[in-house]
Enquirer: 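One structure follows; several queries about it will come next.
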Amino acid sequence: LIDELVELLSLEAELLELKAEVDAPASGFVIESEIDPSRGALARLLVTNGNLKVGDIVLAGSCYGRVRQLMDDKGKEVQSAGPSTPIEVAGMDGVAEAGDKFYVVADLDQARTAADDRRQRTRTRQLAAGPKATLESLLSKIEQGETSEVPLIIKADVQGSIEALKTSLEKL
C-alpha cells in the first residue's frame, strides 16, 4: 500500500513537473515544536524549497533564531537539509505554531523585527477579541440555556499533538 502511494506521488510530481530550487534560501513549514529542557526550543520543519544550513537565521511565525543544530529524521546530526527533508532545528527563541511557514532571512535584526511585529499583531487581535470567559459565567449561561457549547483548553507536549486532538474533538 505504501509502495503504491509513493509510486502515485512520484508519478503526480512528474506529470505536474514539480521542482524545488536547491540553491535558494530555505523555506517550508513547521510540523511541530516543543521546549526540550536540555536543548531549548526545538522546531521540526519540512523544507520545501532551498537548502537549510547550520548558522542560517530562521523566521517561523512569531519566532526566530540562528540554527545551532540540525537533526535528521533518524536523530543524526547533519550540516544541511534540502527540499522535501524533515529536519529538527535547535536555536529558536520560542515555540512556533504548527503549520507556520518558515523562511531563512538575511540578518538577525531583520528576523527579530519581523517576529516582534507578528507578536504585536497577534496580541492586538487577542485584545480586540474581548474579555475571556470565566467558569462562573459559563455555568450561568448553560443554566440559563444561552449556550450549549463548552470551550476547552487542550494541553499537550508538542504543537502537532494539539492539532490532532483539536481535529478529533471538533469531529465530536
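Numbers here simply count residues along the sequence, with the first being 1. None of the values given here were measured: they were computed from a predicted structure.
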Enquirer: Hydrophobic cluster mates of L127, side-chain heavy atoms under 4.5 angstrom, ILVMFWY only, any path?
Expert: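 None; L127 is a cluster of one.
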
Enquirer: Return the minimal non-hydrogen interatomic distance between C63 and G94, and the atom names on each side.
Expert: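 Closest heavy-atom pair between C63 and G94: SG-C, 3.6 Å.
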
Enquirer: Hydrophobic cluster membership, with links at side-chain heavy-atom distances under 4.5 Å among I/L/V/M/F/W/Y: are V78 and V104 in one?
Expert: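 Looking at the clustering, V104 is in the same group as V78.
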
Enquirer: Begin with the C-alpha distance, continue with both residues' side-chain angles, and end with the deciding distance and a verdict on side-chain contact (heavy atoms from CB on, under 4.5 Å) for I35 and V95.
Expert: CA-CA 7 Å; I35 301 271; V95 178; 3.4 Å; yes

Enquirer: Using 0.5 Å steps for rounding, measure from the CD atom of E146 to the CD atom of E143.
Expert: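 Going from the CD atom of E146 to the CD atom of E143 covers 11.0 Å.
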
Enquirer: First locate atom CG of L16, then atom CG of L11, and finally report the distance between them rounded to the nearest 0.5 Å.
Expert: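 Between L16 CG and L11 CG, I get 9.0 Å after rounding to 0.5 Å.
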
Enquirer: Measure across G61 and L59 and return the closest heavy-atom pair with its distance rounded to 0.1 Å.
Expert: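 Where G61 meets L59 most closely, the heavy atoms are O-CD1, 3.8 Å.
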
Enquirer: Taking everything shown except E4 itself, do over 12 heavy atoms lie less than 6.0 Å from its CD?
Expert: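 Atom CD in E4 is not crowded, with 12 or fewer foreign heavy atoms closer than 6.0 Å.
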
Enquirer: Which of these, R123, R119, R118, sits in a side chain to side chain contact (heavy atoms under 4.5 Å, CB included) with R121?
Expert: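 That would be R118; it is the only one of R123, R119, R118 passing the side chain to side chain contact (heavy atoms under 4.5 Å, CB included) with R121.
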
Enquirer: Once you round to the nearest 0.5 Å, how far does CG of D117 lie from OG of S62?
Expert: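 Taking CG in D117 and OG in S62, the distance rounds to 11.0 Å.
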
Enquirer: Listing request: all side-chain hydrogen bond (donor to acceptor under 3.5 Å, both in side chains) pairs with a residue in residues 95-114, at least two apart in sequence or in separate chains.
Expert: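 As it turns out, the side-chain hydrogen bond (donor to acceptor under 3.5 Å, both in side chains) pairs with a partner in residues 95-114, which skip direct neighbours, are Y64-R112, E97-Q159, D109-R112.
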
Enquirer: Just distance, no hydrogens or angles: give the donor-acceptor pairs under 3.5 Å from side chains in residues 38-58, sequence neighbours left out.
Expert:
{"from": "S38", "atom 1": "OG", "to": "D36", "atom 2": "OD1", "distance (Å)": "2.7"}
{"from": "R39", "atom 1": "NE", "to": "Q69", "atom 2": "OE1", "distance (Å)": "3.3"}
{"from": "R39", "atom 1": "NH1", "to": "E88", "atom 2": "OE1", "distance (Å)": "3.2"}
{"from": "R39", "atom 1": "NH2", "to": "Q69", "atom 2": "OE1", "distance (Å)": "3.3"}
{"from": "R39", "atom 1": "NH2", "to": "E88", "atom 2": "OE1", "distance (Å)": "2.8"}
{"from": "R44", "atom 1": "NE", "to": "E88", "atom 2": "OE2", "distance (Å)": "3.2"}
{"from": "R44", "atom 1": "NH1", "to": "E32", "atom 2": "OE2", "distance (Å)": "3.2"}
{"from": "R44", "atom 1": "NH1", "to": "E34", "atom 2": "OE2", "distance (Å)": "3.1"}
{"from": "R44", "atom 1": "NH2", "to": "E34", "atom 2": "OE2", "distance (Å)": "2.5"}
{"from": "R44", "atom 1": "NH2", "to": "E88", "atom 2": "OE2", "distance (Å)": "3.0"}
{"from": "T48", "atom 1": "OG1", "to": "S27", "atom 2": "O", "distance (Å)": "3.2"}
{"from": "N49", "atom 1": "OD1", "to": "E21", "atom 2": "N", "distance (Å)": "2.7"}
{"from": "D56", "atom 1": "OD2", "to": "K53", "atom 2": "N", "distance (Å)": "2.8"}

